[in-house]
Amino acid sequence: MVAGMTQSHPRISKAVIPAAGLGTRFLPATKATPKEMLPVVDKPAIQYVVEEAVSAGLDDVLMITGRNKRPLEDHFDRNYELESALGKKGDAERLAKVQESSDLATMHYVRQGDPKGLGHAVLCAAPHVGREPFAVLLGDDLIDPRDPLLQRMIKVQEQHGGSVIALMEVAPEQIHLYGCAAVEATGDTDVVKVTGLVEKPDPADAPSNYAVIGRYVLDPHIFDILRKTEPGRGGEIQLTDALQQLATDEKVGGPVHGVVFKGRRYDTGDRGDYLRAIVRLACEREDLGPDFRTWLRSYVAEEMQQS
Ligand code: G1P
């Protein structure tokens with residue numbers, strides 16, 4: 001694909017959301033409830049992610065699920081009993097909230113079977129995706145809708161072809177929690193060319209402080225590579241390892257570019273960040289925010305007096 005050539009480019013319409021993880025960091029809450037269903041204020045975390053995909057124009061969503069993930073399917077389906085009860089009561093506001101998630105997108109599900117890693121989860125999407133570029137959204141990362149990232153990544157993919165990953169600069173001591181990219185500058189300040197990738201490196205071996213965050217726009221060649229990718233870090237088939245091949249061999253589905261994100265991201269896979277996300281989003285809500293902020297100010301003032 002030649003830079004700037006957007007005319008004949010197939011529109012990216014499919015989003016893949018891996019959601020087979022066990023959520024052990026949130027036990028016991030996740031013993032019988034998928035971690036993706038934990039509420040962020042009053043909406044399950046996964047709904048924010050599906051809404052993000054839809055607002056980037058991706059209305060075909062495939063979730064990679066596993067055992068004990070049925071509540072995800074139910075959440076994005078109709079609930080006639082509840083709808084009719086709310087209808088009879090004339091509670092239009094709540095009825096709209098119930099119907100919102102089932103009207104969002106065309107949902108598809110496939111089970112991962114064995115949890116063999118993120119790369120393996122993405123490979124489970126191959127029959128559904130076919131040979132078109134597609135997006136992957138990791139459910140633990142919430143991107144604030146006021147800082148649209150996926151839209152920008154899709155634009156960059158249309159311009160350069162190949163694959164596009166999302167990068168964020170992190171403190172060097174944090175890089176071991178992420179995939180890490182070696183990069184070169186391009187003409188665009190928010191776009192870099194990715195020349196190498198390594199999954200969760202020790203800080204001393206990290207090629208940069210650019211961390212891979214959970215949004216990807218991928219060339220379908222990734223499937224051919226994933227089929228041959230050996231288990232890597234943690235004994236799992238790593239998406240980062242397959243991307244490393246795309247980045248270094250442009251003939252098979254490269255190049256790989258990175259969009260450097262400077263907006264608001266909440267990591268709901270981490271308990272501390274999950275709490276921070278709820279507080280921030282609750283403060284900003286028109287309905288809850290004013291009361292909640294007043295309470296929070298007095299709570300913080302009390303805490304400061306005591307410390
Ligand atoms: C996954 C990826 C990693 C990436 C991270 C972003 O790791 O393997 O490269 O940086 O998501 O959230 P996980 O957090 O699932 O261990």
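Numbering starts at 1 and runs along the sequence shown. Quick caveat: nothing in here was measured; it's all calculated off a predicted structure. Counting starts at 1 for both ligands and their atoms, in listed order.
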What is the ring orientation for F134 with F223, classed by angle as parallel under 30°, tilted 30 to 60°, or perpendicular over 60°? parallel

Are [X] and [Y] close enough for a salt bridge, meaning some N to O gap below 4.0 Å?
X    : Y    : result
K35  : D140 : yes
D144 : R280 : no
R285 : D291 : no

Identify all pairs of nitrogen or oxygen atoms, one from ligand 1 and one from the protein, separated by less than 3.5 Å, and list them with distances.
unit_1   : atom_1 : unit_2 : atom_2 : d
ligand 1 : 7 (O)  : K200   : NZ     : 3.4
ligand 1 : 8 (O)  : E199   : OE1    : 3.4
ligand 1 : 8 (O)  : E199   : OE2    : 2.7
ligand 1 : 9 (O)  : G179   : N      : 3.1
ligand 1 : 9 (O)  : E199   : OE1    : 2.7
ligand 1 : 9 (O)  : T240   : OG1    : 3.2
ligand 1 : 10 (O) : G179   : N      : 2.9
ligand 1 : 10 (O) : V212   : O      : 2.6
ligand 1 : 12 (O) : D141   : OD2    : 3.3
ligand 1 : 16 (O) : K200   : NZ     : 2.5

One should read off an interatomic distance between E199 CD and L197 CG, to the nearest 0.5 angstrom, of 9.0 Å

Going through the distances and angles, do D205 and V198 end up as a side-chain contact (heavy atoms from CB on, under 4.5 Å)? CA-CA 9 Å; D205 306 328; V198 47; over 6 Å; no

